[in-house]
Each structure stands twice: as C-alpha cells, then as structure tokens.
Amino acid sequence: MREPKKHLSFSALSRALSKHFENLPDKRQAAKTDYSLHDIFMSAFAMMYFQDTSLLAFQRRMQDSLQQNNLKSFFAVESIPKDTQLRTVIDQLPTEQLKPLFPKILSALQRGKQLEKYQSLGDHYLVALDGSQYFSSDSIQCPACLTKKSKNGDLRYHHQILQAAIIKPGLKQVIPLSPEGIQNSDGQKNRIVKSMLPKERFK
Ligand SMILES: [Zn+2]
C-alpha cells in the first residue's frame with residue numbers, strides 16, 4: 001500500500017479535529033462542567049471511529065484499561081466523559097459549530113490529490129443524497145421545526161437532515177460533505193450547494 005500523504009494520516013486528521021474542538025465556544029457554567037468540550041467531542045469521534053453501535057457499547061469499551069489508554073493517547077482525551085454528560089453536552093452544541101470541519105477535510109483531500117480518483121465521466125463528481133429524520137416529538141418544538149398533522153389533527157414536530165457524499169463506483173470509501181438541516185426556511189435559495197462545498201473550487 002502506498003504511504004498516505006502526511007497531512008492525511010490518522011494522527012494529522014485527529015489533530016485537526018482536536019484543534020477545532022479546543023476552540024469551541026463553551027457557554028456552560030464553569031462550576032457545572034466535569035469534562036471539557038474537547039474531551040466530549042473527541043470521545044464522540046472515537047466512538048464513531050471504533051464503530052461502536054451505541055454510547056453504552058462505547059462506555060463498555062472504556063471499562064478496559066488498554067482501551068482507555070488508547071483514547072488518551074490517540075485521541076488526546078484527558079478524562080473520559082460519562083454517558084449522560086456526553087449526550088447532553090453534544091445535544092446542546094449548535095451543529096453550525098462543527099460544519100467548518102467538513103470543508104477543511106475536503107480541502108486536505110484535495111491538496112493530497114485524493115479527490116481525483118473520485119472523478120466520474122471525465123472531470124465530474126458523483127454526489128449521492130439521502131434525507132433522514134433524527135427528531136420527532138408532539139410536544140418539543142422550535143421555530144425551524146417541520147410540522148405534520150396526524151389523523152386526529154394533532155401537530156407533530158420533526159427535524160430532518162440532508163446528507164450528501166461524493167461516491168465513486170468501485171471505491172469503498174465515500175466522502176461525506178457537510179450535512180444540511182431541512183428546515184422551514186429552506187426553499188428560497190440554493191443554500192445546500194453553497195454551504196457544503198469548500199471555498200476554493202475543486203477540479
Ligand atoms: Zn425544531
């Protein structure tokens with residue numbers, strides 16, 4: 001296997017995430033915080049990286065001292081957050097704060113000439129789109145909620161997300177672009193394409 005470019009190695013990408021999480025604005029009251037935002041978000045990244053099926057599975061993994069050491073050394077996590085804290089804190093951070101990571105990583109792939117192999121039909125990119133619902137309630141709502149009337153006339157509130165990914169037949173890896181919330185205010189402008197792509201155009 002060819003050596004991947006240095007800035008695309010796991011440790012370089014992990015460091016980029018770590019740096020971004022260190023600078024997240026923390027609006028929590030200092031006295032009530034047991035874990036830094038950095039440790040919480042890096043733990044969530046580790047959970048995705050290990051492909052644990054749930055937070056509980058991740059917490060079980062972390063009961064093992066070797067795995068704990070891995071989290072500390074490879075993900076720069078100082079203290080490992082508890083299940084409930086992880087969930088609550090992540091839920092409260094606006095997803096907008098995480099979006100800059102997507103174009104950053106896409107640009108790194110572009111610089112490392114990794115995007116070229118994803119070109120199809122000449123110099124085009126194939127982008128697959130999928131929508132998914134991640135929240136539904138008949139009591140909790142916000143101004144951006146999508147609404148649906150049930151048979152008995154009650155309103156139900158939803159949040160949905162549109163996820164795009166660059167794909168290439170024959171390549172197992174896909175490159176996810178920044179997800180976009182499907183909200184009430186959508187539909188006037190072509191917001192999706194604009195916010196998901198990096199600033200400089202890629203060829
Ligand atoms: Zn809402």
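Every number for a ligand or one of its atoms is a count from 1 in the order of the listing. In what follows, every heavy atom counts, from backbone to side chain, and hydrogens, waters and symmetry copies are set aside.
Between F75 and F41, a ring centre-to-centre spacing not shorter than 6.0 Å is recorded.
For the Zn ion (ligand 1), protein N, O or S atoms under 2.8 Å: 3 in total.
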message = Test side chain to side chain donor-acceptor pair (under 3.5 Å) on S18 and H38; report intermediate values, then the result.
response = CA-CA 7 Å; S18 177; H38 171 272; 2.7 Å; yes
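With sequence neighbours excluded, no residue forms a side-chain hydrogen bond (donor to acceptor under 3.5 Å, both in side chains) with T53. Taking the side-chain contact (heavy atoms from CB on, under 4.5 Å) definition, one finds that K117 meets it with Q114, L171, sequence neighbours left out.
Listed by first and then second residue, the ring-ring contact (aromatic ring centres under 6.0 Å, His included) pairs that reach into residues 161-181 come to none, sequence neighbours excluded.
No more than 12 heavy-atom neighbours from other residues, nucleotides or ligands sit within 6.0 angstrom of OH on Y49.
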